[in-house]
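This report refers to the structure that appears directly beneath it.
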Amino acid sequence: GCGSGLGVVLLLTFGCMRVVDQYLLASLARRAGRPSSFRAVCDDSGLGAQAWIVDFANVLVSVGTCIAYIMVAGDTLSRVVGGGGGGNRAVWIVFAAMVVAPLSCLRRLDALAFTSGLAMVCVAYITCVIVATALGAGRDDACAAGGEGEEGEEGEEEAEEEAGAC
């Protein structure tokens, strides 16, 4: 419906904005020299005393993203583990926070290169599962119905074809 269309448009719009953002940031980082940081980029941009605004915005974005990922992990893990006391969402949120907190305090983010690559593989896998589920939704409805409801020779043949497709 309208919500899905608007969601796709917004997702594509913000994705494009993110690409431009990363391009500009990489250009400024090259200009600032290695090793570059947000502080070095801000200092090189001529912001001067207002450079703390960029640092503060970076902290807000990072904290917000971290909270979102921890909530998603808590929801997902509580559903996956489910039985045997594993369904407590709060426990999984605390567990995820305990795993992420030490990783967030590393001095150099180069240490997270492997973790970042693994995360991208997971995101690609989840995207494929979501797309496959969305594309197969119509077929699942037909399979769930079991081809019932139509009688006669034509209805039986269609039911057999649908059952074979399931």
For V19, what are the other residues in its hydrophobic cluster, where any two members join if their side-chain heavy atoms are less than 4.5 angstrom apart?
none
Contacts of V63 meeting side-chain contact (heavy atoms from CB on, under 4.5 Å) (sequence neighbours excluded), chain-then-number -> V59, I67
Taking ILVMFWY side chains as joined if any heavy atoms are under 4.5 angstrom apart, and letting links pass through other members, which residues group with L11?
none
Which pairs pass salt bridge (Lys or Arg N to Asp or Glu O under 4.0 Å) with one or both residues in residues 7-22, sequence neighbours excluded?
R18-D21
If I compare all heavy atoms of I70 with all of A97, which pair ends up nearest, and what's the gap?
CD1-CA, 3.8 Å
With I53, which residues qualify under side-chain contact (heavy atoms from CB on, under 4.5 Å), at least two apart?
Q50
Could you note down all residue pairs passing salt bridge (Lys or Arg N to Asp or Glu O under 4.0 Å) where residues 116-126 supplies at least one of them, sequence neighbours left out?
none
Going by side-chain contact (heavy atoms from CB on, under 4.5 Å), name the residues that satisfy it together with M98, two or more places apart in sequence or in a different chain.
V94
Members sharing L24's hydrophobic cluster (side chains within less than 4.5 Å):
V20, Y23
Do any side-chain atoms of residues 125-132 form donor-acceptor pairs under 3.5 angstrom with protein atoms, and if so which ones, sequence neighbours left out?
residue: T127; atom: OG1; partner: V123; partner atom: O; Å: 2.8

Mind jotting down which residue pairs meet the side chain to side chain donor-acceptor pair (under 3.5 Å) criterion with at least one end in residues 61-71? Sequence neighbours excluded, please.
none
Residues two or more places apart in sequence or in another chain: which of them pass side-chain contact (heavy atoms from CB on, under 4.5 Å) with L10?
L6, F14
